[in-house]
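First up is the structure itself, then whatever we jot down about it.
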Amino acid sequence: MDLPQIQHRIRTFRDQRDWMQFHNPKNLAMSIAIEAAELMEHFQWKTSEESAAHSDSTKAPIADEIADVAIYLIELADNLGIDLSAAINAKLDKNEAKYPVEKARGNITKYDQL
Ligand SMILES: [Mg+2]
């Protein structure tokens with residue numbers, strides 16, 4: 001499925017349940033953070049190595065949480081009239097300019113310190 005098809009499916013799911021009345025930007029932004037916290041819960045208290053091993057062995061519930069974040073994110077962008085593909089590409093353009101490969105490769109220093 002491409003993004004417009006996914007947006008259509010999300011709208012249909014929401015509208016069949018008459019949930020648009022609850023899906024204002026505040027509630028959707030909060031829902032993104034809540035679902036991101038549910039995703040983080042899978043890795044809480046694990047070392048880097050344990051979290052990598054855990055994500056190999058329990059992909060399905062982690063995929064569910066990633067999907068929850070994405071669904072709310074896609075709906076928020078859609079409701080705000082933001083072209084998500086264009087916004088992602090524009091932000092990647094900015095990130096490429098802020099983190100030129102020759103300065104940032106293998107280096108986690110923030111862009112204003114490079
Ligand atoms: Mg969830």
Side-chain angles (χ1 to χ4, degrees):
M1 277 178 115
D2 63 16
L3 185 56
Q5 290 171 317
I6 292 169
Q7 283 174 320
H8 178 74
R9 188 159 182 205
I10 292 169
R11 280 184 215 141
T12 300
F13 176 88
R14 176 199 63 210
D15 293 344
Q16 285 175 336
R17 290 158 183 78
D18 192 23
W19 285 353
M20 184 61 195
Q21 60 185 313
F22 310 117
H23 287 201
N24 58 64
K26 175 193 72 75
N27 286 346
L28 291 177
M30 290 177 71
S31 297
I32 291 166
I34 290 163
E35 295 299 343
E38 290 179 7
L39 175 61
M40 287 190 289
E41 202 170 12
H42 285 279
F43 304 106
Q44 186 179 27
W45 311 123
K46 292 182 168 54
T47 65
S48 298
E49 294 75 20
E50 287 167 345
S51 71
H54 176 70
S55 56
D56 279 345
S57 63
T58 57
K59 269 204 175 112
I62 291 168
D64 278 349
E65 300 307 342
I66 289 171
D68 282 339
V69 172
I71 290 165
Y72 281 128
L73 187 73
I74 290 166
E75 187 187 351
L76 179 59
D78 188 29
N79 292 359
L80 293 175
I82 292 169
D83 179 333
L84 187 55
S85 294
I88 290 169
N89 276 311
K91 191 61 171 75
L92 285 170
D93 287 346
K94 290 178 192 171
N95 290 348
E96 286 170 359
K98 285 198 303 198
Y99 295 98
V101 172
E102 61 276 11
K103 287 185 180 175
R105 185 173 171 78
N107 181 352
I108 57 165
T109 305
K110 194 173 176 188
Y111 67 92
D112 59 356
Q113 307 282 314
L114 283 173

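Numbering of ligands and ligand atoms starts at 1, following listing order.
With hydrogens and angles ignored, the 3.5 Å screen pairs no side-chain donor or acceptor of Asn27 with any backbone N or O of His23. The backbone N or O of Asp2 sits less than 3.5 Å from a side-chain atom of Gln5, completing a donor-acceptor pair.
A cation-pi arrangement is absent between Arg9 and Phe13, since the terminal nitrogen or guanidinium carbon is not both under 6.0 Å from the aromatic centre and inside a 45° cone about the axis.
Distances from the Mg ion (ligand 1) to the N/O/S atoms of Glu65 are shortest for OE1. Taking the N/O/S atoms of Asp68 in turn, the shortest distance to the Mg ion (ligand 1) belongs to OD2. Sorting the N, O or S atoms of Glu38 by how far they are from the Mg ion (ligand 1) puts OE1 first. Looking at Glu35 and the Mg ion (ligand 1) together, the shortest N, O or S contact belongs to OE1.
Within a 6.0 Å radius of NZ in Lys103, other residues, nucleotides and ligands contribute 12 heavy atoms or fewer.
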